[in-house]
Protein chains: 2
Amino acid sequence: MENIIDVLKALSDETRLRMISLLKVRELCVCDIMDTLEITQTKASRHLKNLKAVGLVTDRQQAQWVHYSIAHGADDRLLDELVDRARISEPYKSDLIRLEERRSRCGREC
Amino acid sequence: MENIIDVLKALSDETRLRMISLLKVRELCVCDIMDTLEITQTKASRHLKNLKAVGLVTDRQQAQWVHYSIAHGADDRLLDELVDRARISEPYKSDLIRLEERRSRCGREC
DNA sequence: TTCGTATATTCGAATATGCGAATATGTAAA
DNA sequence: TTTACATATTCGCATATTCGAATATACGAA
């Protein structure tokens, strides 16, 4: 993983912390994230790029979809601690509900 | 403690993380911090104010000295995790050495 | 090839953050 | 009161970050 300051900078943005919280549930493609967080595609792409740059997430391309997941090198203790704390309150709490609603609505595919 | 994003923002600055690392050792006055981190007084004061604003540290005035320490409400698990990681490398590692050198040189008083 | 969908990048504007220099405040001692 | 020292704040500037809109790229299907 990268320099701790860069990692903390990456995590200290609400959009990116929300993304980490979702990706802790499971691997997701960009459209899952956009729809769940209700953000624009530009915003999703930009912040995912940032998380990838500091080594917190990795991506995997499958056809035209890009699937993101928590990187293996990521500090699980740190991320679990942060995600647990964040999910006590909004918007992190509702994000999880919206993610599961989306899953039941769309099935396994994007 | 404050909103997690504000706390992470406060922690994602090298000067402030160095301060947290020092304050985890013991309570310190501003001049201890300035001298150990080799930063200007303005810079020390500014960043300590930031840490205080998000509830990570508290201060205690004694005559003309202001002593800072880690706040009781601060998330110890998070701070210990970060400080342990940071101190593996520079400048956090040398800061601890400089702090102890200063202590033996100056004794207990400022 | 053309079309549609998924994702990434670039651009310019707005806002936030960090800095040093100068100045202000507060306390203790002379 | 004056002086000296410890700390805080203000100011102007430089840099970084974030955003939406527009555009580019990449892939699969027709």
Side-chain angles (χ1 to χ4, degrees), chain A residues 2-20 22-23 27-54 56-69 91 102 106-110, chain B residues 2-20 22-23 27-54 56-69 91 102 106-110:
Chain A
E2 284 288 322
N3 156 14
I4 191 161
I5 293 298
D6 290 334
V7 171
L8 287 171
K9 274 203 173 74
L11 293 169
S12 64
D13 173 90
E14 187 179 88
T15 301
R16 291 191 294 264
L17 189 55
R18 292 171 78 191
M19 288 174 161
I20 292 290
L22 292 187
L23 291 171
E27 183 188 64
L28 294 169
C29 70
V30 179
C31 57
D32 288 328
I33 295 171
M34 286 172 53
D35 292 354
T36 305
L37 301 186
E38 296 168 324
I39 58 178
T40 63
Q41 186 268 316
T42 298
K43 190 166 170 175
S45 185
R46 199 181 2 234
H47 288 291
L48 286 166
K49 181 182 180 179
N50 181 314
L51 290 172
K52 186 180 169 188
V54 298
L56 284 168
V57 308
T58 40
D59 59 351
R60 173 178 75 83
Q61 182 150 8
Q62 189 179 17
Q64 64 266 59
W65 291 277
V66 180
H67 298 267
Y68 282 87
S69 52
R102 177 175 163 79
C106 308
R108 298 204 146 264
E109 300 307 323
C110 247
Chain B
E2 284 288 323
N3 155 16
I4 190 161
I5 294 299
D6 290 335
V7 170
L8 287 170
K9 275 203 172 74
L11 293 169
S12 65
D13 173 88
E14 187 179 88
T15 301
R16 291 191 294 263
L17 189 56
R18 291 171 79 190
M19 288 174 162
I20 292 291
L22 293 189
L23 291 171
E27 184 189 63
L28 294 169
C29 69
V30 179
C31 57
D32 288 329
I33 296 171
M34 286 173 53
D35 292 355
T36 305
L37 300 186
E38 296 168 324
I39 59 179
T40 63
Q41 185 267 317
T42 298
K43 189 166 168 173
S45 185
R46 199 183 1 238
H47 287 293
L48 286 166
K49 181 182 179 178
N50 181 314
L51 291 171
K52 187 179 168 189
V54 300
L56 284 168
V57 307
T58 40
D59 59 350
R60 172 178 76 84
Q61 183 149 7
Q62 190 180 16
Q64 64 266 59
W65 290 276
V66 179
H67 298 268
Y68 283 86
S69 52
R102 177 176 164 77
C106 307
R108 297 205 149 263
E109 300 307 321
C110 247

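Lettering follows sequence order; numbering is per chain, from 1.
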- Query: Rounding to a whole Å, what distance do you find between B:Asp59:CG and C:dT25:C1'?
  - Reply: 15 Å
- Partners passing side chain to side chain donor-acceptor pair (under 3.5 Å) against A:Glu27 (at least two apart in sequence or in another chain): A:Arg60
- Taking all non-hydrogen atoms of both residues, which atom of B:Thr36 and which atom of B:Arg102 are closest, and how far apart? OG1-CD, 3.8 Å
- On DNA chain D, nearest-nucleotide positions of A:Gln61 versus B:Leu48: which is more 5'? B:Leu48
- Query: With B:Asp6, which residues qualify under salt bridge (charged side-chain N to carboxylate O under 4.0 Å, His left out), at least two apart?
  - Reply: none
- Where the side chain of B:Trp65 is defined as all heavy atoms beyond and including C-beta, which of C:dT7, D:dC27, D:dA6 is the nearest nucleotide? D:dA6
- Query: CG of A:Leu11 versus C1' of D:dT17: gap in Å, rounded?
  - Reply: 16 Å
- Looking only at heavy atoms, which two atoms of A:Leu8 and B:Leu11 are closest? And how far apart? CD1-O, 3.5 Å
- Task: Give a yes/no on whether any side-chain N or O of B:Tyr68 is located under 4.0 angstrom from OP1 or OP2 of D:dA8.
- Result: yes
- Query: Tell me: CD of A:Gln62 to C1' of C:dT5, nearest whole Å?
  - Reply: 15 Å
- Task: Would you mind reading off the distance between A:Leu8 atom CG and D:dT17 atom P, rounded to a whole angstrom?
- Result: 14 Å
- For DNA chain C, write out the stems as range with range, using runs of 3 or more consecutive Watson-Crick or G-U pairs with both distances under 3.5 Å. C:1-30 with D:1-30
- Message: On a heavy-atom basis, which atom in B:Thr15 and which in B:Leu37 lie closest, and how many Å separate them?
- Response: O-CD1, 4.2 Å
Identify all pairs in which a protein N or O lies below 3.5 Å from an N or O of nucleotides 18-23 of chain D, and state each distance.
residue : atom : partner : partner atom : Å
D:dT18  : OP1  : A:Asp13 : OD1          : 3.3
D:dT18  : OP1  : A:Arg16 : NH2          : 3.1
D:dT18  : OP2  : A:Arg16 : NH1          : 3.4
D:dC19  : OP1  : A:Lys43 : NZ           : 3.1
D:dC19  : OP2  : A:His47 : NE2          : 2.5
D:dG20  : N7   : A:Arg46 : NH2          : 3.3
D:dG20  : O6   : A:Arg46 : NH1          : 3.0
D:dA22  : N6   : A:Thr42 : OG1          : 3.2

- Given atom CZ of A:Arg60 and atom P of D:dA26, what is their separation to the nearest angstrom? 20 Å
- Item | Heavy-atom side-chain contact between A:Asp59 and A:Tyr68 under 4.5 Å | yes
- Message: Just the rounded figure in Å: distance from P of C:dA16 to CD1 of B:Ile5.
- Response: 16 Å
- Message: If the cut-off is 4.0 Å, is A:Lys49 near the phosphate of C:dT9, judged by side-chain N/O to OP1 or OP2?
- Response: yes
- Message: Among residues at least two apart in sequence or on other chains, which ones pass salt bridge (charged side-chain N to carboxylate O under 4.0 Å, His left out) with B:Asp13?
- Response: none
Can you give each donor-acceptor pair under 3.5 Å made by side-chain atoms of residues 38-50 of chain B, sequence neighbours left out, with the distance rounded to 0.1 Å?
residue : atom : partner : partner atom : Å
B:Thr40 : OG1  : B:Lys43 : N            : 3.2
B:His47 : ND1  : B:Arg16 : NH1          : 3.1

- Query: Going from CG on B:Leu28 to CE on B:Met34, what distance comes out if it is rounded to the nearest 0.5 angstrom?
  - Reply: 13.0 Å
- Mind calculating the distance between CE (A:Met19) and P (C:dT7) to the nearest angstrom? 12 Å
- Task: Take atom CE of A:Met34 and atom P of C:dT7, then tell me their distance rounded to the nearest Å.
- Result: 8 Å
